[in-house]
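This report refers to the structure that appears directly beneath it.
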Amino acid sequence: MRRLLLAAVVLALAVPAPAGAASVQLMVVGKTRVLREAGPVRLKARSVRVGGRRCAVGRTPLSVLAGTRLSLRLRDYGACGRSARDAGSLYVRAVAGERARGANGWVYKVGRRAATAGAADPRGPFGRGRLRRGQRLTWFYCRLRDGGCQRTLELKLRPEPGSVVASVRGYDDEGHGVAVEGVTVNAGGLSALTDAAGQASLALAPGRHLVVATKEGTIRSFSERVELP
């Protein structure tokens, strides 16, 4: 679990990725609120401050975090320095003042799954390849319960004439999903609750809408865009 409780992200300004640059979607959720949702965020090598020195990090989740210019507190369980190859044991103790406490702390997911490697491990989040263009990166403050963190919500939308049908699933650390009942789906100032099948319908006017799914005790969804004719 110590591996899992690794580094974090949030708040502050993420520099938009230049056209054509490799980038990822990013969301950071703190103890009580969303601290940052941005995209695309450029994938590039950066450096971070650890104590009184600078340490290089490659194109990793920690590099994405560093690109947001957040206030971070890091601990090095290895010997980081000028080479990004030595950054694999960096651990994020706090983001924007929100510190790890006991078994609770900052973790990250790539897509639906919690990473199994350090946030700056040059081998990648799962030890077999680096972040890829277009992936979704979610950093959040994990409150450990029953051996796992909160489920992360994923929202799928199906536009219909005059409405949109939302389907919401919640994913555990291993990426196993279930339909989630009682999720609030918001769009255009309207909201609806999902049923036992994890579905809700919203009557919306023609045009573009931003839709998001939230429920206490879970990590909210990324914002999704939908256009109704």
Is any NZ, NE, NH1 or NH2 atom of the basic residue among R130 and D121 found under 4.0 Å from an Asp or Glu carboxylate oxygen of the other?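 No, no charged N to carboxylate O under 4.0 Å.
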Salt-bridge present (R136, E224; N to O < 4.0 Å):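 So R136 pairs with E224 through a salt bridge.
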Working to the nearest 0.5 Å, report the span between [atom1] of [X] and [atom2] of [Y].
| X | Y | atom1 | atom2 | result |
| --- | --- | --- | --- | --- |
| R42 | R59 | CZ | CZ | 9.0 Å |
| S71 | R49 | OG | CZ | 12.0 Å |
| L26 | Q135 | CG | CD | 13.0 Å |
| R123 | T116 | CZ | OG1 | 8.5 Å |
| S89 | L74 | OG | CG | 12.5 Å |
| D76 | L90 | CG | CG | 5.0 Å |

Can you give me the closest heavy-atom contact between [X] and [Y], atom names plus distance?
| X | Y | answer |
| --- | --- | --- |
| A192 | A200 | CB-CB, 4.1 Å |
| V211 | A187 | CG2-CB, 3.7 Å |
| H209 | L204 | NE2-CB, 3.8 Å |
| A120 | L62 | CB-CD2, 3.6 Å |
| G58 | A84 | N-CB, 3.5 Å |
| L228 | P159 | CD2-CB, 3.4 Å |

How about [atom1] on [X], more than 12 heavy atoms from neighbouring residues, nucleotides or ligands closer than 6.0 Å, or not?
| X | atom1 | answer |
| --- | --- | --- |
| R132 | CZ | no |
| R54 | CZ | yes |
| K156 | NZ | no |

Looking at side-chain heavy atoms only, is the closest gap between [X] and [Y] below 4.5 Å?
| X | Y | value |
| --- | --- | --- |
| P125 | L131 | yes |
| R143 | K31 | yes |
| P229 | P206 | no |
| V41 | S23 | no |
| V165 | L157 | no |
| Y141 | V107 | no |
| V24 | R133 | no |
| M27 | F140 | no |

Any donor and acceptor pair, going by atom type alone, linking the side chain of [X] with main-chain N or O of [Y] inside 3.5 Å?
| X | Y | answer |
| --- | --- | --- |
| S47 | C55 | no |
| Y108 | G118 | yes |
| R75 | Y91 | no |
| W106 | E98 | yes |
| D173 | C149 | yes |

Assess whether side-chain hydrogen bond (donor to acceptor under 3.5 Å, both in side chains) is satisfied between R151 and T218, documenting all intermediate values. CA-CA 5 Å; R151 286 183 181 266; T218 68; over 6 Å; no
Same hydrophobic cluster for [X] and [Y], using side-chain heavy-atom links shorter than 4.5 Å among ILVMFWY?
| X | Y | answer |
| --- | --- | --- |
| V110 | V57 | yes |
| V29 | L155 | no |
| V50 | V95 | yes |
| L210 | V34 | no |
| V212 | V168 | no |

Given salt bridge (Lys or Arg N to Asp or Glu O under 4.0 Å), test D172 with R113 step by step and report yes or no. CA-CA 7 Å; D172 64 14; R113 291 179 56 208; over 6 Å; no
What salt bridge (charged side-chain N to carboxylate O under 4.0 Å, His left out) pairs are there with at least one residue in residues 198-215, not counting sequence neighbours?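 Of all non-adjacent pairs touching residues 198-215, those that pass salt bridge (charged side-chain N to carboxylate O under 4.0 Å, His left out) are R208-E227.
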Please test L153 against I219 for side-chain contact (heavy atoms from CB on, under 4.5 Å), starting from the C-alpha separation and ending with a verdict. CA-CA 6 Å; L153 299 182; I219 302 302; over 6 Å; no
Side chains of T152 and K109: any donor to acceptor distance under 3.5 Å?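 Side-chain D/A pair, K109 to T152: present.
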Could you go through the side-chain hydrogen bond (donor to acceptor under 3.5 Å, both in side chains) check for E154 and S221 one step at a time? CA-CA 5 Å; E154 183 176 287; S221 72; over 6 Å; no
Could you pull out all residues at least two apart from R99 that satisfy side chain to side chain donor-acceptor pair (under 3.5 Å)?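 If we apply the side chain to side chain donor-acceptor pair (under 3.5 Å) test to R99, skipping adjacent residues, there are no hits.
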Residues two or more places apart in sequence or in another chain: which of them pass side chain to side chain donor-acceptor pair (under 3.5 Å) with S223?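 Partners of S223 by the side chain to side chain donor-acceptor pair (under 3.5 Å) criterion, ordered by chain and then number, come out as E37, R220.
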Apply side-chain contact (heavy atoms from CB on, under 4.5 Å) to F222 and T138, showing your working. CA-CA 9 Å; F222 276 82; T138 306; 3.2 Å; yes
Quick one: which of V185, T184, V183 gives a side chain to side chain contact (heavy atoms under 4.5 Å, CB included) with L193?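 The single option meeting the side chain to side chain contact (heavy atoms under 4.5 Å, CB included) with L193 is T184.
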